[in-house]
Enquirer: 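Next up is a structure, given as structure tokens.
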Amino acid sequence: MNQLEYKRHIDAIIEKIEAARIKVSEHHIVKIVAVSKYSDTEAIKRLYEIGQRAFGENRVQDLIAKQEVLDELPLEWHYIGNLQRNKLNALIKADPFLFQSLDTVELANALQRRLLDRDTTMDCLLQINSANEATKAGVAPEKAKDTYAYIRENCPNINLKGVMSIGAHTDDQDVIKKSFETTYKIYEELDNATICSMGMSSDFELAISCGSNMLRLGSIMFPGDRQAV
Ligand SMILES: *Cc1c(COP(=O)(O)O)cnc(C)c1O
């Protein structure tokens, strides 16, 4: 794809997002985070030139390496991956715009201690395992509200902004929809939550119809790059 074809491809995705969000409400704004985990810095630059500013990575080492190379561009970096405890300091140093995958109380407590030590804060989302899948990270739906309240009370250096969830891993649209509805219901009942991050390349229109206001789009935004397995 040359740059003009690529721009048309991205425009077509944006048109789909526009149509889906307007069905919800003219006032329903949806943000795109381009997940660049399988893409190199040249591909990120190419998408930046079309107008994309927010990018997501799922490994701290990759986040830092790409931040360094693209230092001169005004990009907004999101961290969306599982985080090992020994990578906490590196994540704080990388200072993401939003850490979307905070997924246990233990991780929140460890992050709180390190943020306090460094006298800094971090905006985060609580990841919810809305389909209760053994292979997936995240807080169980029935524990999500209590966990959210616990972090808000006990981790003053963590600014919880809402929730993140990955749609159920199935081709059954009804099951995927149910998982999005579960996440959205929790989101609606939280205090001060403004971000409901759900929807990926294969299910973003469904996610928007269920109330998502932040999409994490990987393969569809970087056609031709290595795909998720
Ligand atoms: C890889 C990834 C995405 C993007 O997946 P695509 O299907 O390529 O759009 C979104 N969210 C998370 C947490 C991911 O790890």
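Note that the structure is a prediction, hence the values are computed from the model and not measured. We count residues from 1, following the sequence as given.
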Enquirer: Between Asn157 and Thr120 (side chain of the first, backbone of the second, donor and acceptor by atom type, cut-off under 3.5 Å), is there such a pair?
Expert: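 Yes, Asn157 side chain to Thr120 backbone: donor-acceptor pair under 3.5 Å.
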Enquirer: How about Leu160 and Leu102: do any of their side-chain heavy atoms sit closer than 4.5 Å?
Expert: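 Leu160 vs Leu102: side chains touch.
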Enquirer: Considering all heavy atoms of both residues, which atom of Ala94 and which atom of Leu63 are nearest to each other, and what is their separation?
Expert: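 Closest approach of Ala94 to Leu63, heavy atoms only: CB-CD2, 3.8 Å.
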Enquirer: Write down the atom of Ile128, the atom of Ala144, and the distance for their closest heavy-atom approach.
Expert: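 Heavy-atom minimum between the residues: CD1-CB, 3.9 Å.
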Enquirer: Closer than 3.5 angstrom, by distance alone: can the side chain of Glu68 be matched with the main-chain N or O of Ala65 as a donor-acceptor pair?
Expert: no
Enquirer: When clusters are formed by joining ILVMFWY residues with side-chain heavy atoms under 4.5 Å apart, either directly or through shared neighbours, do Ile195 and Phe204 land in the same one?
Expert: no
Enquirer: Run Thr182 and Ser130 through side chain to side chain donor-acceptor pair (under 3.5 Å) and show every step you take.
Expert: CA-CA 6 Å; Thr182 297; Ser130 53; 5.9 Å; no
Enquirer: Are any non-hydrogen side-chain atoms of Asp103 and Asn129 less than 4.5 angstrom apart?
Expert: no
Enquirer: Taking all atoms of both residues into account, what is the closest heavy-atom pair of Ala34 and Phe222, and its distance?
Expert: CB-CE1, 4.1 Å
Enquirer: Check each of Gln127, His78, Lys161 against Gln100 using the side-chain hydrogen bond (donor to acceptor under 3.5 Å, both in side chains) test, and report the only one that passes.
Expert: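 Of Gln127, His78, Lys161, side-chain hydrogen bond (donor to acceptor under 3.5 Å, both in side chains) with Gln100 is met by His78 alone.
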Enquirer: Is the closest side-chain heavy-atom distance between Met221 and Ile13 below 4.5 Å?
Expert: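 Counting from C-beta outward, Met221 and Ile13 do come under 4.5 Å.
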Enquirer: For Ile32, does its backbone N or O pair with a side-chain atom of Gln52 as donor and acceptor, under 3.5 Å?
Expert: yes
Enquirer: What residues, two or more places apart in sequence or in another chain, satisfy side chain to side chain contact (heavy atoms under 4.5 Å, CB included) together with Ala12?
Expert: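 Per chain and number, Ala12 pairs via side chain to side chain contact (heavy atoms under 4.5 Å, CB included) with no residue.
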Enquirer: Using a strict cut-off of less than 4.0 Å between a Lys/Arg side-chain nitrogen and an Asp/Glu carboxylate oxygen, indicate whether Asp11 and Lys7 qualify as a salt bridge.
Expert: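 Salt bridge between Asp11 and Lys7, a charged N being under 4.0 Å from a carboxylate O: yes.
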Enquirer: I want to check something: taking the side chain as every heavy atom from C-beta on, are Val30 and His28 in contact at a cut-off of under 4.5 Å?
Expert: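 With C-beta onward as the side chain, the pair touches.
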Enquirer: For a quick test of reading the model, state the closest non-hydrogen atom pair linking Gln3 to Ile50 and the distance between them.
Expert: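 It is NE2-CG1, 3.6 Å.
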Enquirer: Do Lys185 and Glu189 meet the salt-bridge criterion of a basic N to acidic O distance under 4.0 Å?
Expert: yes
Enquirer: Do you know the tightest heavy-atom contact between Ser212 and Cys196?
Expert: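 That would be OG-O, 3.4 Å.
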Enquirer: Taking all non-hydrogen atoms of both residues, which atom of Tyr48 and which atom of Leu73 are closest, and how far apart?
Expert: CE2-CD2, 3.7 Å
Enquirer: Pairs under 3.5 angstrom only: tabulate donor-acceptor contacts from the side chains of residues 149-156 to other protein residues two or more places apart or in another chain.
Expert:
from   : atom 1 : to     : atom 2 : distance (Å)
Tyr150 : OH     : Asn109 : OD1    : 3.2
Tyr150 : OH     : Asn109 : ND2    : 3.4
Asn154 : ND2    : Tyr150 : O      : 2.8

Enquirer: Looking only at atom types and distance, does a side-chain atom of Asn213 sit under 3.5 Å from a main-chain N or O of Ile29, one as donor and one as acceptor?
Expert: no
Enquirer: In terms of the angle between their ring planes, are Tyr184 and Tyr187 parallel, tilted or perpendicular, with boundaries placed at 30° and 60°?
Expert: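 Tyr184 vs Tyr187 ring planes: tilted.
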Enquirer: I'd like to know if the side chain of Ser179 reaches the main chain of Gly167, judged simply by a donor and an acceptor atom lying under 3.5 Å from each other, with no hydrogens or angles considered.
Expert: no
